[in-house]
Asker: 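Here it is: the structure, laid out below.
Computation of the quantities below employed the complete heavy-atom set of this structure, encompassing side-chain atoms and omitting hydrogens, waters and symmetry-equivalent molecules.
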Amino acid sequence: MRSTRIAISAAMLGALALPTLSATPASAATVPTAATATPAVSCHNLPPLPYAVHTKAVTIRSKASSKSTALGVLYKSHKFSVSKKSGNWLYITDKTTGVKGWVSGTYVYRDVRMCLD
């Protein structure tokens, strides 16, 4: 059992070391040109993604509290804008119905952009 592990480990190290041994020297490597260089724009410089409803519907409330009066319902299909935040609550304007109020940030939040550098 132990000798099998050693043999497998040695084979893996050999497979990893082979490409580095057969690589061309640094002086023979090609210099990247403007066409092959990576773009100067990083995805970290891009603006954040918009807010979205991540459930079927969210209750719009009069205050930033789950026990406050319900003013309406924000559905996924509704257009809305976020004007301020307080803790985990967002003050929104539902452009579809015209209702203004607070929604929980647990269900309404921005998606996270994935940067593959």
Asker: Is Val58 linked to Tyr51 within one hydrophobic cluster, defined over Ile, Leu, Val, Met, Phe, Trp and Tyr using a side-chain heavy-atom separation of less than 4.5 Å?
Answerer: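 Both belong to a single hydrophobic cluster.
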Asker: State, with a plain yes or no, whether a side-chain heavy atom of Thr59 is found less than 4.5 Å away from one of Val103.
Answerer: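 Side chain of Thr59 against side chain of Val103, heavy atoms only: no contact under 4.5 Å found.
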Asker: How close do Leu74 and Asp94 get, heavy atom to heavy atom, and via which atoms?
Answerer: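 Smallest heavy-atom distance, with atoms named: CD1-OD2, 3.7 Å.
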Asker: Roughly how far, to the nearest 0.5 Å, is the OG atom of Ser77 from the NZ atom of Lys79?
Answerer: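 One gets 8.5 Å once the value is rounded to the nearest 0.5 Å.
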Asker: Taking all atoms of both residues into account, what is the closest heavy-atom pair of His78 and Thr96, and its distance?
Answerer: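 Taking His78 first and Thr96 second, the nearest heavy atoms are CA-OG1, 3.4 Å.
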Asker: Other hydrophobic cluster members with Trp89, side-chain heavy atoms of Ile/Leu/Val/Met/Phe/Trp/Tyr under 4.5 Å, chained?
Answerer: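 Besides Trp89, the cluster holds Tyr91, Trp102.
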Asker: Would you say the side chain of Leu90 lies within less than 4.5 Å of the side chain of Lys84, judging by non-hydrogen atoms?
Answerer: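 Side-chain contact under 4.5 Å: no.
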Asker: Less than 4.5 Å apart, any side-chain heavy atom of Arg113 and any of Pro48?
Answerer: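 Result no, sub-4.5 Å side-chain heavy-atom pair not found.
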Asker: Give the minimum heavy-atom separation between Ser65 and Ser68, together with the two atoms involved.
Answerer: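 Closest heavy-atom pair between Ser65 and Ser68: O-OG, 2.8 Å.
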Asker: Before you tell me yes or no, could you show the steps for Ile60 and Val73 under side chain to side chain contact (heavy atoms under 4.5 Å, CB included), namely the whole-Å CA-CA distance, both residues' side-chain angles and the distance that decides it to 0.1 Å?
Answerer: CA-CA 5 Å; Ile60 303 172; Val73 178; over 6 Å; no
Asker: Residues in side chain to side chain contact (heavy atoms under 4.5 Å, CB included) with Thr106, at least two apart?
Answerer: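 Partners of Thr106 under the side chain to side chain contact (heavy atoms under 4.5 Å, CB included) test: Asn88, Ser104.
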Asker: Grouping I, L, V, M, F, W and Y whenever their side-chain heavy atoms are under 4.5 Å apart, do Tyr75 and Tyr107 come out in a common cluster?
Answerer: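 Result: no, two separate clusters.
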Asker: Looking only at heavy atoms, which two atoms of Thr93 and Lys100 are closest? And how far apart?
Answerer: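 It is OG1-CG, 3.6 Å.
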Asker: Supply the atom-to-atom distance Leu116 CG to Met114 CE, rounded to the nearest 0.5 angstrom.
Answerer: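 Nearest 0.5 Å value for the CG-CE distance: 6.0 Å.
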Asker: Would you check if Thr69 and Arg61 make a side-chain contact, meaning some heavy-atom pair closer than 4.5 Å?
Answerer: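 Side chain of Thr69 against side chain of Arg61, heavy atoms only: no contact under 4.5 Å found.
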